[in-house]
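The next block holds one structure in the form of structure tokens; read it before the comments.
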Amino acid sequence: MNHTLQKLREIAQESVLSAEDSIVQKREIFASCAELAAPLIHAFKDVENEFVRIAVMRQIWPYDFDRRDDRVAGLLVNMIGPAEAPIGLKIAVPHGFLQFEVLIKPGTQPVYSCVRDTHGQRPLAMDFPNSEAWLEFFYKSIADLIEL
């Protein structure tokens, strides 16, 4: 075998190994994010059967609010990430959505993120320094939506 073919095979082998390592690393990061997001998911499950204020439902769904689920679970747009290990959630709020998510970039601290997406306007991203502040914002957001 000539030197050029040998070099090309080495590069191809390194590329395959690098791709496999990347997949493993992404899975580990996803698992870490899911672990950090677990208190948020648990908090949501604690309130998912609470009633949403009628005035809030009218703001979210002005034309068919009376046919919607009037519990907090009905506000859930989707869980972010796989069903068995979510890393966040997206809920409907008046005039848009709130998305809570944990992100980790290799070599950095976790980022507890919340994005307020308002219909027709630029999304507002908020990063919190720790999980306590992030969860506190979640609690305040939910408290504004439900009947207490």
> So how far is it from E48 CD to D69 CG, rounded to the nearest 0.5 Å?
Replying inline: 10.0 Å
> Do other residues, nucleotides or ligands put more than 12 heavy atoms under 6.0 Å from the CD atom of Q109?
Replying inline: no
Can you give me every donor-acceptor pair (side chain of residues 86-101, partner residue at least two apart or in another chain, under 3.5 Å) with its distance?
| residue | atom | partner | partner atom | Å |
| --- | --- | --- | --- | --- |
| Q99 | NE2 | E101 | OE1 | 3.1 |

N/O donor to acceptor pairs below 3.5 angstrom from side-chain atoms of residues 30-41, sequence neighbours left out:
| residue | atom | partner | partner atom | Å |
| --- | --- | --- | --- | --- |
| S32 | OG | E28 | O | 3.1 |

> Excluding sequence neighbours, so at least two apart, what forms side chain to side chain donor-acceptor pair (under 3.5 Å) with N49?
Replying inline: none
> Listed by chain and number, what are the side-chain contact (heavy atoms from CB on, under 4.5 Å) partners of F65, not counting sequence neighbours?
Replying inline: I54, M57, R58, W61
>> Using 0.5 Å steps for rounding, measure from the CZ atom of R116 to the CD atom of Q121.
In response: 9.0 Å
> If you count the non-hydrogen atoms of other residues, nucleotides and ligands that lie under 6.0 Å from NE2 in H119, is the total more than 12?
Replying inline: yes
> So how far is it from K45 NZ to L76 CG, rounded to the nearest 0.5 Å?
Replying inline: 8.5 Å
>> Test side-chain contact (heavy atoms from CB on, under 4.5 Å) on V52 and L75; report intermediate values, then the result.
In response: CA-CA 9 Å; V52 177; L75 299 176; 3.8 Å; yes
> Residues two or more places apart in sequence or in another chain: which of them pass side chain to side chain donor-acceptor pair (under 3.5 Å) with R68?
Replying inline: D64
>> So does I146 get a backbone contact from the side chain of R53, meaning a donor-acceptor N/O pair under 3.5 Å?
In response: yes
Counting only pairs under 3.5 Å, give me each side-chain donor-acceptor contact of residues 124-144, with atom names and distances, residues two or more places apart or in other chains.
| residue | atom | partner | partner atom | Å |
| --- | --- | --- | --- | --- |
| N130 | OD1 | E132 | N | 3.2 |
| N130 | OD1 | A133 | N | 2.8 |
| W134 | NE1 | S113 | O | 3.0 |
| S141 | OG | F137 | O | 2.8 |

